[in-house]
Amino acid sequence: MKPGFLYYRQIIIAMVLAALIAGCQTDAGEKPGSITPDGIPATTPTVATAVPVLPSPDSTANAIQNDVAPSGWNLEPITAANVQRLSLLARFAEGGLDDEMALSTDGRLLAIATAGGVVLYEAAGGEWVDFYPASSGVTGLAFSPDSQQLAYIFRVPSGEKYSATDPDFAGQEILKPLLTVRSISKGEILYSLPVFGQGCGEYNAWDLTFSPDGKRILFHDHSGQTGFSGSGSLCVLDAESGGLLRAIEPEKPWRVTGFTPPLSDGKTVWAVCVDDSKAVEAGIVLQQLRRYNLESGALETQLDLPETGLLRLSPDQQWMMMGEKVAQIRSAVDGSLAVEINVEIKSAEDNNQFSAAVFSPDGGTLALGAWDGSVSLYSVPQGQPLDRLEPITVSTILAKVEPLHVVNLRFSADGSILYILLNSYFVDTPEVLRAVRLADGQELFRLSGRNTVERRPSLSPDHALLAWGGYEDGSVQVWSTASGKMIY
């Protein structure tokens, strides 16, 4: 999570400004706590008997700049006692890029998770295609094998609250995962359903993926937070309805922390499982690579591992990669070790590990992205170094050069382009997506998150339009406050 009070203060100011506008236009027929077609919780605002006229954009901008309420606004100070009464009325635009991206099987579209939903880009040139809004940051993305559907996960209010004694979220409402599946050609939602309440995926849903035949959707619900019982399972859903087909839950205290897509037989998956129950007392964490049968839930094979980390399956389903400091290439048939790769990483944060991995479409190349922002390419299964892409850096307000960390990687359908998603967890910078041609290392295009952090929004005199811009890519957006859609 990014530090910085100013970052969040400015985002909240923009959200409150949008919410006040949208609050006057909310349909009175909406039911509190219901979920809209976009999966966004709908709320009906409490409207005062005398609604003040919105002040001019100039006075609003001046007030925001000086952190005081604009003239004519009678605002109730936010306190610990009333903060739970705040509710989101509207959200405009994408927000910053997040850590998840997916490439359609046909290679045409690139989907990137953002703070406000999912953005679709043309994979060839980076042109903006569409935006699917969500009420919170998207934590999982997956295209169906035929590239006709996009599934994504974000979290919504559940009606449950954390314990009053919880050290981090005392008394706050618990957000739980919601699955939305859209038709790409029509852009319409096929269904948007809560994952929680089915017995698997109660609190989290990670590593979202379709089965090769497109009939199932899989994820794991591992949670590192204490008090969340039932987490650490592999969840298998029916892709057509979103209903739970099977929950594979290892014996306690073992938990699933990662898995491969179903293998060519369509019936089995490899999963990384951990037992960290002794970690607090003795610092002992046990790791295993396990093969499970999806139809029966039976454990078929298990192998002890020196470390866990990432787990990836090659497209030809011949090889797997796993690890975080040492990358192991193993056979996807029996799990036997082929080679170990020691990745050279130069990290100022003392995180000497890689953070993202992907196989090329032909399975012959493995790309490893590192915490220091570099990407290294290796042959499969030999593990021989092929190439290295050096990290990019940014200058911060402290005049210090900071690296961006690789958080996700994808190859183009023909293997000629590598898409590199970078982020920083220590400085407030725009997230970056780079498309690099591997033949010569040429950067084909670069995309950055569209935040309102440094470019505060501006209202038109009639309050019908909301505009902001000045981003790294030079773009400006104008949105309708009535419809919540981008006009140009």
Side-chain angles (χ1 to χ4, degrees), residues 99-100 139-142 151 153-155 158 160 162-163 166-169 174-179 194-211 216-238 242-263 267-313 320 322-324 335 355:
D99 294 353
E100 292 287 328
T139 60
L141 274 175
I153 291 278
F154 58 97
R155 300 202 297 166
S158 65
E160 298 181 22
Y162 289 92
S163 166
D166 188 282
D168 299 314
F169 307 102
I174 299 175
L175 300 180
K176 295 189 176 184
L178 180 140
L179 171 67
V195 171
F196 55 95
Q198 300 190 80
C200 203
E202 188 69 14
Y203 298 100
N204 289 300
W206 307 113
D207 296 338
L208 191 69
T209 186
F210 278 87
S211 60
R216 290 169 291 186
I217 293 176
L218 297 86
F219 60 85
H220 71 86
D221 62 358
H222 170 72
S223 174
Q225 187 167 349
T226 58
F228 283 179
S229 61
S231 63
S233 301
L234 176 60
C235 310
V236 185
L237 307 184
D238 178 72
L244 181 68
L245 295 176
R246 175 167 292 280
I248 297 178
E249 184 176 358
E251 72 282 5
K252 297 301 181 185
W254 289 93
R255 296 178 292 176
V256 174
T257 60
F259 66 96
T260 68
L263 302 181
K267 299 178 180 179
T268 55
V269 297
W270 287 99
V272 167
C273 296
V274 300
D275 171 9
D276 55 7
S277 58
K278 302 180 182 65
V280 175
E281 296 179 359
I284 299 174
V285 178
L286 304 177
Q287 296 97 187
Q288 288 186 347
L289 178 64
R290 297 184 174 190
R291 181 167 174 156
Y292 281 102
N293 187 293
L294 289 176
E295 295 183 351
S296 65
L299 173 61
E300 296 184 348
T301 305
Q302 66 182 41
L303 303 167
D304 291 333
L305 296 173
E307 64 178 33
T308 53
L310 302 174
L311 176 62
R312 298 290 184 266
L313 179 69
M320 296 181 291
M322 64 202 61
E324 59 180 0
S355 50

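- In this structure, Tyr203 and Lys176 approach most closely via the heavy-atom pair CE2-CE, 3.7 Å.
- Applying the side chain to side chain donor-acceptor pair (under 3.5 Å) rule to Arg312 yields no partners; only residues at least two apart in sequence or on another chain are considered.
- Distance check, rounded to the nearest 0.5 Å: CZ of Phe219 to OG1 of Thr209 gives 12.0 Å.
- Smallest separation of non-hydrogen atoms from Gly201 and Pro177: O-CG, 3.3 Å.
- Counting heavy atoms from C-beta outward, Leu289 and Trp270 have side chains that approach closer than 4.5 Å.
- Expressed to the nearest 0.5 Å, how far OG of Ser296 lies from CZ of Arg246 amounts to 6.5 Å.
- Between Gln287 and Val274 the shortest side-chain heavy-atom distance falls below 4.5 Å.
- In this structure, Ile284 CD1 and Asp276 CG are separated by 12.0 Å, a value rounded to the nearest 0.5 Å.
- Distance check: His220 NE2 to Arg255 CZ gives 11.0 Å after rounding to the nearest 0.5 Å.
- Taking the side chain as every heavy atom from C-beta outward, Tyr292 and Pro250 approach each other to under 4.5 Å.
- Contact between Pro262 and Leu294 at its shortest, heavy atoms only, is CG-CD1, 3.8 Å.
- Here Thr268 pairs with Asp265, Arg291 under the side chain to side chain donor-acceptor pair (under 3.5 Å) rule; sequence neighbours left out.
- The two residues Ala151 and Leu179 have their closest heavy-atom pair at CB-CD1, 4.2 Å.
- Note that CG of Leu175 is 10.5 Å distant from CG of Asn204, once rounded to the nearest 0.5 Å.
- Residues meeting the side-chain contact (heavy atoms from CB on, under 4.5 Å) test with Leu141, sequence neighbours left out: Glu100, Ala102, Ala111, Ala113, Val118, Val138, Leu150, Tyr152.
- When side chains are defined from C-beta on, Leu313 counts as touching Leu263, because their heavy atoms get closer than 4.5 Å.
- Here the CD1 atom belonging to Ile153 is positioned 11.5 Å from the CG atom belonging to Asp207, to the nearest 0.5 angstrom.
- Distance alone, capped at 3.5 Å, is enough to place a donor-acceptor pair between the Glu307 side chain and the Glu324 backbone.
- Evaluation of the side chain to side chain donor-acceptor pair (under 3.5 Å) rule for Gln288 yields Arg290, Asp304 as partners, not counting sequence neighbours.
- Scored by the side chain to side chain donor-acceptor pair (under 3.5 Å) test, Gln198 finds no partners at all (sequence neighbours excluded).
- By the disulfide bond (SG atoms under 2.5 Å apart) test, Cys235 is found to be paired with Cys200, residues two or more places apart in sequence or in another chain being considered.
- Side-chain atoms of Thr257 and Trp206, non-hydrogen and from C-beta on, never get closer than 4.5 Å to each other.
- What you find for Leu234 and Val256 is that their closest heavy atoms are N-CG2, 4.3 Å.
- Counting heavy atoms from C-beta outward, Arg216 and Phe210 have side chains that stay 4.5 Å or more apart.
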